[in-house]
Every structure is written in structure tokens, then in C-alpha cells.
Protein chains: 2
Amino acid sequence: MQGDAEQLLREHGLQVTAQRLAILRAVSSRPHGTADELIDDVRAVIGSISRQAVFGTLNVLVEKNLLRRIQPAGSPARYEDRVGDNHHHLICRSCGLTFDIDCIVGAAPCLVAEEDHGFEIDEAEVLFWGRCPSCKRTGETDTPVG
Amino acid sequence: MQGDAEQLLREHGLQVTAQRLAILRAVSSRPHGTADELIDDVRAVIGSISRQAVFGTLNVLVEKNLLRRIQPAGSPARYEDRVGDNHHHLICRSCGLTFDIDCIVGAAPCLVAEEDHGFEIDEAEVLFWGRCPSCKRTGETDTPVG
DNA sequence: AGCCAACAATTGACTCAGTCTAATATTTTT
DNA sequence: AAAAATATTAGACTGAGTCAATTGTTGGCT
Ligand SMILES: [Mn+2]
Ligand SMILES: [Mn+2]
Ligand SMILES: [Zn+2]
Ligand SMILES: [Zn+2]
């Protein structure tokens, strides 16, 4: 999802703005970052941006499938530019540290439910929960950080 | 998790109150209900209860493992009294309708990540996402309801 | 039965993450 | 360069939940 971000935006019928470019770059250099983390990153680069511009842009980019949003329990939403595959996530219950886990199957839905209750299932989302090496060491308690 | 709720509370070192009993019964008769739904249910039965009492009780019951909390993206937390197994969930993207999906393996974590990054993984949470029969029919758009 | 300490419920303010709206500014088309 | 389309901003607002102080209830112990 790197390369010509400008191109990418245009291809999806979006206007090219400094804010959007900066947001794309921020997501790319901080995978699984929260909106607030990304706001800080973007401000460090382009000086200033409104909260709403960031939320709005993240929304439109997710909608256009240029970004993916994950919403793990106890955390604000996180964003990544690794889209179009069906990877999963490994999350530390204490500090929220998040890793990508490659899907063994590849395509979604990568697991089948025994009983589908008539649903049209399009995804099997898998979240591996645990404790990261550093939180294990320090005996950190369960207070996931945003 | 039915039977003598009073007993159950005592066994876990919790005082028995009308509120707690009513909340337990409400969760049991509305699996995967949200806090606000449960508040309504409880009020219909015992007349009145504070929001805080419900949130507080749900918290302590989850902590003591008498209830389980699930937090699907785009929905407030949901509660159920089916604990101690490792079942999964099937959720409608449009209306939030939620079903239990039995785990094929049984014990958690029921899936192994290819790379564990040194984590101590205790759970593999699986959420099957899709569209329920009724939302399929009416072509409902993706606006999960609380 | 009555007392008391521990525990629970209520109230109301507050937080966090995010949305809505109207006004302004920037991009893109013509 | 002007107009139309789209994006950004500021600020009020919402939903879901928490925090802290006060009041009320429960249950163990004389
Ligand atoms: Mn990822
Ligand atoms: Mn369930
Ligand atoms: Zn950690
Ligand atoms: Zn549905």
C-alpha cells in the first residue's frame, strides 16, 4: 500500500490533499496505530490537522478499502494499510501490543462455522489474546492502553 | 449457570441483593444482551435500578467468571451466562443478531498462531461476521444496532 | 433481636472515542 | 479565472462507560 499514494487516492475518486497523504504515510509507518496516535504523528509532520479531518479521512479510506480498521475489545479502533489479505491479530491483554498473524488458509472466511443459522458469512475474524514478553516479565496487570 | 443464583453469588463471596439476582436472571433470559437492554429488562421486573448498579454488577460478575463479556466491533458490550466453555460467535453486520457457535476443539486457545512472538496466548477469539437471513432479505445496510 | 462493619446501590459529574453540522477553504473541472 | 465539487475546520453533541462521594443494605456476631 505504499508507492504513489497520490495515484492511489485519485484512482479511488478521492481528492489529493496534504492531510490525506500524511495520514496514509502515518498509518503505513505505524501499523495498528489508534486515531489519536496517528493524529500526533501527522501533526509532527505537517504541523497541524483537525481531529475530525483525521477521523473523516480514516473513515473514507476504510470505506474505499485503502485501509483496514480493527476494533479489539478494550481499545479504540486501530488502522493498518495491510488490506486485501485475510490476516489475523495477536494482541497483548495488558499493553495492547498488536502483531499480524498470517492466515493459514488465505481467503476469507477462513474457518467454517458448524451451523451458519442461514447467515451469509463473509469473514471469520480471529483474535489471539495473550501477554507479550515484556508484560509477562513485569507482571503487568490487564489494563490495555489506547 | 441457572439453578440457585443466590447460592452461586455466595459461593463467590458476593452479597445477595435483589439487583444482582435480577441481573443474573435477565442475562440468562436474554443471552448476548447489551447493558442497556438488560437495564430495561431488570426495571421491568424489579421496578427500578440505577445504571451504575447494572454496570458495576456486570463488571464484578464478569470478573468472578459468572458471566462472559463480548465486545464485537460496532456494538456495545454484550453479556452471557454461558461461561467455562470456549464457544465462538456469529454476528450479523446489519442488526447485531448474535448466535453461539460451538468450538470444534473445545479448549482455549483452540487455534494456534504460526508465530507467537513470545506471547503467552490464552485465547483464540473467533467472530464469524455476516448477514442474517432477515437482513439479507430486506437488503438492510450495515448499521449495527446497539 | 439488635449492632455494626463490610459491602452494595444511588447520584451526578466526568471521560473517552467518535459523530454531526454549518461555515470556510482547497481542489479540480470547465 | 470562475464555478462546482469536495475537503477541512471548529465546536457542539452523543453513547458507552467510569469515578467518587453519599446513602442504604446485608449478614456475621453478640
Ligand atoms: Mn494487521
Ligand atoms: Mn455466546
Ligand atoms: Zn504487553
Ligand atoms: Zn441481521
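Quantities reported herein were computed from a predicted structural model and do not represent experimental measurements. Lettering follows sequence order; numbering is per chain, from 1.
Residue B:Asn59 has a polar side-chain atom (N or O) positioned under 4.0 Å from OP1 or OP2 of D:dT18. OP1 or OP2 of D:dA7 sits under 4.0 Å from a side-chain N or O of A:Arg20. Proximity of B:Thr17 to the phosphate of D:dT26: no side-chain N or O atom is located under 4.0 Å from OP1 or OP2.
One can place CG of B:Leu9 at 10 Å from P of C:dA9, the figure rounded to the nearest angstrom. Atom-to-atom, CD1 of B:Ile23 to P of C:dA9 comes out at 7 Å; the value is rounded to the nearest Å. Residue B:Gln52 contributes atom CD, which lies 8 Å from atom P of D:dT18 at whole-angstrom precision. Atom C1' of nucleotide C:dA9 and atom CD1 of B:Ile46 are separated by 10 Å, given to the nearest angstrom. Between the CZ atom of A:Arg10 and the P atom of D:dT6 there is a distance of 14 Å, given to the nearest Å. Between the CZ atom of A:Arg51 and the C1' atom of D:dT14 there is a distance of 13 Å, given to the nearest Å. Straight-line distance from the CD atom of A:Gln71 to the P atom of C:dC16: 19 Å, rounded to whole Å. Residue A:Phe55 contributes atom CZ, which lies 17 Å from atom P of D:dG11 at whole-angstrom precision.
For A:Gln15, whose side chain is taken as the heavy atoms from C-beta onward, the closest listed nucleotide among D:dA16, D:dT6, C:dC7 is D:dT6. Here the side chain of A:Ser50 is nearest to one of D:dA16, D:dA7, D:dT8, namely D:dT8.
When each of B:Arg78, B:Glu80, B:Arg68 is checked for a side chain to side chain donor-acceptor pair (under 3.5 Å) with B:His32, only B:Glu80 meets the rule. Checking A:Asp81, A:Asp40, A:Asp41 one by one against A:Arg30, the salt bridge (Lys or Arg N to Asp or Glu O under 4.0 Å) holds for a single residue, A:Asp41.
For the residue pair A:Asn86 and A:Cys110, the shortest heavy atom distance occurs at ND2-SG, 3.4 Å.
Electrostatic pairing of B:Asp102 and B:Arg82 counts as a salt bridge here, judged by a charged N lying under 4.0 Å from a carboxylate O. With respect to the salt-bridge test (charged N to carboxylate O, under 4.0 angstrom), the residues B:Arg93 and A:Glu123 qualify.
When the nearest nucleotides of DNA chain C are assigned to A:Ala18 and B:Thr57 by heavy-atom distance, the more 5′-ward of the two goes with B:Thr57.
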